[in-house]
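Not measured: the values here are computed from a predicted model.
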Amino acid sequence: MDKTYQPEQIETRWYERWEADNRFAPSGEGEPFSIMIPPPNVTGSLHMGHAFQDTIMDTLTRWRRMQGRNTLWQVGTDHAGIATQMLVERKVAAEEGKSRHDLGREAFTDKIWEWKHESGGEITRQLRRMGASVDWSRERFTMDDGFYKAVQEVFVRLHEENLIYRGKRLVNWDPTLHTAISDLEVENRDQQGSFWHFRYPLADGVTTDDGKGYLVVATTRPETLLGDSAVAVNPEDPRYASLVGKFVELPLVGRRIPVVADEHADMEKGSGCVKITPAHDFNDYEVGKRQGLPLINVFTQDAAVRETAEAFDLQGRPLADVDPSLPAAYAGLGRFEARERIVADMDAAGLLEQVETVSNTLPYGDRSGDVIEPLLTDQWFVAVEELAKPAIAAVENGDIEFVPKNYENMYFAWMRDLQDWCISRQLWWGHRIPAWYDAEGNVYVARSEAEAREKHGLPADLELTQDEDVLDTWFSSGLWTFGTLGWPEQTEELATFHPTSVLVTGFDIIFFWVARMIMMTLKFTGEVPFKQVYVHGLVRDGQGQKMSKSKGNVLDPIDLIDGIALETLVEKRTGNMMQPQKAKAIAKATRAEFPEGIEPHGTDALRFTFLSQATTGRDIKFDMGRLDGYRNFCNKLWNASRYVLMNAEGQDTGIDGGEVELSLADRWIVSRLQQTQAQVTRAMEEFRFDHASQALYDFVWNEYCDWYLELSKPVLWDEAASDAAKRGTRRTLVRVLEAILRLAHPMMPFISEEIWQRVAPLAGTRAADGDSIMNQPWPLADEALVDEAATRDIEWLKGVIVAVRNIRAEMNIAPGKPLEALLTKGGPEDAERLAANRLFLSKLAKLERVEWLDDPEQAPLSATQLVGEMEVLVPMADLIDKDTELARLAKEIDKQEKLIGGIEKKLGNESFVAKAPEAVVEKERAKLADFEAARRLLVEQREKIEAL
RNA sequence: AGGACCAUAGCUCAGUUGGUUAGAGCGCCACGUUGACAUCGUGGAGGUCGGCGGUUCAAAUCCGCCUGGUCCUACCA
């Protein structure tokens, strides 16, 4: 093995080998275990969130595979309608100077397919770098042929059951992208805005009770005035009771609109009167429904003012009896320009009463960044109420369990207040809606045009055109768990791997994806999509900031793995920015944070860092310090393995027979291994990857390396040790390491495999050449090997060694200087332990002589430490500095006295003694005895020194 | 406005059902190249567990209030 751990030389090599050997495919044996990858955007690239999530999924997958489960980690990518279309649109504009309309639908979607084939491999390559053991042979895409079938089937069946319908509704309209989007794709941002108070003159000479000829309404959106169809007052409001049923004359437009009584009007707010614009505001739409008001649309799809309005009734039928004329002055103006003009005109007409500055929230499209406009359009909807009921029940009755549990509340809250889901998108990239229209506008929904004709008995010469719209991306990804397994065919995979075992996902897509998967999957398979949902948090930067290009704090997981030079990193963070003015600050901050760039850490270290920070349900602040620390951990494991191999390769490791004798240290480390195995397994079962990684780290570094390897040296290097003892130690070294590697493998797949290949043959556990650690059994704890007595003895031994080291540190004695030590007081057990462990003691504490002293009175002046009842003495009369030592002792005595005081107080409390469990009281008494013994020793020591 | 989560060492975080002398890693200080590892070893310093109150023999842990932070949902005519 190389002297230093160099991950880059190991990782790609092993991944290629595993993939070539088809090790990621299900074994076909054992209880099934399956995970569906949340499909990343096909044209995307791997970010920290993916890397984190993939690490968790791979750790679970590798662990279950080693446990002998029939394991499938299903991989695939999402076509990501809007995101992908926008990306290619920009690319085509930049490269060819053409818009998608210049190309036309077919040519443009061809471009996207081209781009998909060209760049779609990026994310899958990166997934391989992460070590993801997904079954590539079953890779799917949400727009592949199979998915096309599944999507059509679902759409048609939901339509047949009236759970999908088409209608003219108010939807969130993105004026830039020219498509409807769902509520979830709207991002609300706080703004400072104006709040205009307008006077609407009362018609027919009517006046208010206090004699005014107008009503005051206030709005943040003056441009929608053009589409007002009423003014509402609260039915309980005495001020306006007499006006209900009367009319106002809509300023600038001249339309007569009624004053209606509706509870939507809040008496406390403003004047208590509110303008109602059912075609441009979601609340007003509801008022319109209640009051039977016309829907007057005044905007085009660009959110510009129309030449004439369109009026509809609530069923979306054109209304003839509403005057559609609009003032010519605003025609064609964008909504914001129109706003300014209307305010100015109202002001000029003396109808602007007041302008307030208010903070309000505006809806933005999460893709386009444009302000979303509620717009009346023809769209397809899923009626979700019926679908939601069983989906709620599945979580209530425990068929689906969220980890952590508190996300269930979030799920319930959302599911119990669901609006119908607008699923049509006015895009070109996606699953085209399987609906056809004849010239009269009749709709025929079917799996194909042919089926539509057949189903509805349409003549062959009747011209049909397919709906231009595509489905929301989440409509198809909602079918992911069963669509990937071959549904609507009843495949063997579906029978075996569905429902899937666990979904690993971020809380941010519980609504987008998780909830919809549950609804769709229950509806079409009668099964839940997954039994557990492990919800993880967001990966943030070290300061807790969200990583974003505009903040310039993005870390690329691949850069953490391979390392990156400073200049390259700065270029990457500042190049191609939306706001180039920020580049300078970002470059500066980057240079300050990474003066040397980022050095390579390897995938295993990155994975281990993610796991160690994976506390349930909480965002993680990515810590570069820990990444360094775990890279060092890999190095530690590497070097420990070198030591083991140096001492075991070509040697007798006791696997071919021959007498084997296990030392105390051997029995102890084997015992501790059992406990660690149990701990790690339990942590994995509970999704506590932080605990799993911590338990492994502790065991490997603090016990196996720090103590066991050191304790093995005296046995292996001592001429006097028997062959049986050497064999025993070699065998233990190798076998414990081999088990460590298996325990580590789900978390650190590469380094564990690399070392295991060398170690396994020595441990006698490898069946044949060409085996991989991937398919070895997960280490099981064997209770019978837990040896409490050995643990106590080793604790004693460590205590004595640490005592001597402490004395060296306190007395400023060089670490290497051979010393003499005496052990005294204590019991017969201590004397026996000394006799049994003299070799270990003298080597590890660097003692040239260590003896038992029967009579403590005989002790020479020594530096002392206490191990239990026993005293460790290092005679050194000539080395002790009287004053320093007295000062140190005073401090120590003081410390003990404080401890004693605390416990005495506790034990002096009658209710404590009376009410606390006996065991707790006993424990306190024992502690008191320990502290008192320590104090006694210190006091005696002080007397001796004072006597000097 | 409603809800969720968080607050423990300089930093990033553990702390199971209330009982530990409150832990780890990184950082910091001192010392150290004897044959696994300086990506290391040994020893050490550093915390009134956000604040106030309550329950209890006993509170970092349970309850209430407050402060600070993060996020979600809704509303804002």
Side-chain angles (χ1 to χ4, degrees), chain A residues 1 3-5 188 193 195 217-221 224 231-232 264-266 269-277 281 283-284 287 358-361 404 406-407 409-410 413-414 417 507-508 510-511 537-538 540 542 544 599 601 605 612-613 615 617-647 682 686 688 690-691 694 697-698 701-702 705-706 709-710 713 717 802 805-806 808-810 812 814-816 846 895-896 898-899 902-903 906 909-917 919-921 923-924 927 930-931:
Chain A
M1 283 171 79
K3 196 175 171 189
T4 32
Y5 162 63
N188 293 305
F195 194 41
V217 298
T219 181
T220 54
R221 306 209 46 205
T224 64
V231 167
H264 172 62
D266 183 341
K269 273 192 187 162
S271 65
C273 303
V274 54
K275 68 195 261 319
I276 301 298
T277 322
D281 181 284
N283 282 313
D284 292 3
V287 177
V358 292
S359 58
N360 59 352
T361 27
N406 53 299
Y407 283 104
N409 291 327
M410 187 167 145
W414 191 69
D417 188 29
F507 67 91
D508 48 331
I510 288 181
F511 304 146
L538 226 58
R540 297 169 175 277
E599 45 182 22
H601 293 85
S612 76
Q613 293 202 268
T615 311
R618 190 162 138 154
D619 286 356
I620 67 173
K621 291 186 206 169
F622 189 79
D623 187 354
M624 288 296 294
R626 288 179 85 152
L627 180 62
D628 290 339
Y630 295 128
R631 192 262 328 266
N632 294 354
F633 177 58
C634 291
N635 187 61
K636 188 76 180 175
L637 181 59
W638 183 264
N639 279 296
S641 304
R642 285 181 60 226
Y643 167 80
V644 172
L645 290 173
M646 281 168 62
N647 287 288
R682 195 175 149 209
E686 293 170 342
R688 288 307 300 264
D690 55 335
H691 288 171
Q694 175 87 50
Y697 184 99
D698 272 349
W701 201 312
N702 301 332
C705 292
D706 282 354
L709 294 191
E710 294 308 317
K713 288 174 185 175
W717 298 347
V802 168
R805 286 177 184 165
N806 269 318
R808 283 182 192 271
E810 276 160 9
N812 261 322
K846 307 235 163 49
K895 188 175 148 193
Q896 293 302 320
K898 277 198 184 118
L899 291 170
I903 293 192
K906 228 183 209 179
N909 182 340
E910 278 172 36
S911 18
F912 171 71
V913 180
K915 293 188 183 173
V920 173
V921 179
K923 206 168 149 195
E924 293 297 319
K927 273 197 277 182
D930 284 352
F931 296 151

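- Taking the C1' atoms as reference points, B:C6 lies 16 Å from B:G51, given to the whole Å.
- A distance of about 14 Å separates the C1' atoms of B:G15 and B:A9, rounded to the whole Å.
- Here the closest non-hydrogen pair linking A:M1 and A:R642 is CB-CG, 3.9 Å.
- If you measure from atom CZ of A:R626 to atom P of B:U12, you get 11 Å, rounded to the nearest angstrom.
- For the pair A:A809 and A:N909, nearest-nucleotide mapping onto RNA chain B gives the more 5' position to A:A809.
- Taking atom P on both B:C31 and B:G69, the two are 44 Å apart, rounded to the nearest angstrom.
- Contacts of A:V217 with the nucleic acid, taken as non-hydrogen atoms under 4.0 Å apart, are absent.
- Taking atom OH of residue A:Y630 and atom P of nucleotide B:C37, one finds them 24 Å apart after rounding to whole Å.
- At the heavy-atom level, A:N806 lies under 4.0 Å from the strands shown only through sugar-phosphate atoms.
- For the pair A:L709 CG and B:C37 C1', the interatomic distance rounds to 10 Å; values are reported in whole Å.
- Protein atom CD of A:Q896 is 12 Å distant from nucleotide atom P of B:U21, rounded to whole Å.
- For a distance-only test at 3.5 Å, the side chain of A:Q613 fails to qualify as a donor-acceptor partner of the base of B:A14.
- The separation between A:K923 atom NZ and B:G18 atom P is 14 Å, rounded to whole Å.
- Contact check for A:I276 versus A:D281: no side-chain heavy atoms found under the 4.5 Å cut-off.
- A distance-only check finds a donor-acceptor pair linking the side chain of A:R808 to the backbone of A:A814 [under 3.5 Å].
- Only the P atoms considered, B:C66 is 37 Å distant from B:A24, to the nearest whole Å.
- Among the heavy atoms of the strands, none lies under 4.0 Å from A:C634.
- If you check distances only, the side chain of A:R631 does reach the base of B:U39 with a donor-acceptor pair under 3.5 Å.
- Nucleotides B:A7 and B:U12 have their P atoms positioned 12 Å apart, rounded to a whole Å.
- Nucleotides B:C57 and B:C11 have their C1' atoms positioned 38 Å apart, rounded to a whole Å.
- With A:Q613 contributing its side chain and A:D623 its backbone, the two residues share a donor-acceptor pair below 3.5 Å.
- A donor-acceptor contact under 3.5 Å links the side chain of A:K846 to the base of B:U34.
- Between A:F507 and A:Y407, the ring-plane angle classifies as parallel under the 30° and 60° cut-offs.
- Only the C1' atoms considered, B:C29 is 36 Å distant from B:U67, to the nearest whole Å.
- For A:I620 and B:U12, the CD1 to C1' distance is 11 Å, given to the nearest whole Å.
- Sequence order on RNA chain B of the closest nucleotides to A:E810 and A:N406 puts A:N406 first from the 5' end.
- Among the heavy atoms of the strands, none lies under 4.0 Å from A:F622.
- A gap of 15 Å separates the P atoms of B:C28 and B:G10, to the nearest Å.
- As a whole-Å value, the separation of A:N632 CG from B:A24 P is 18 Å.
- In this structure, the side chains of A:L627 and A:M624 come closer than 4.5 Å at one or more pairs of heavy atoms.
- Residue contacts for A:A640: at a heavy-atom cut-off of 4.0 Å it reaches a base atom on one of the strands shown.
- B:G25 atom C1' lies 11 Å from atom CG of A:D628, rounded to whole Å.
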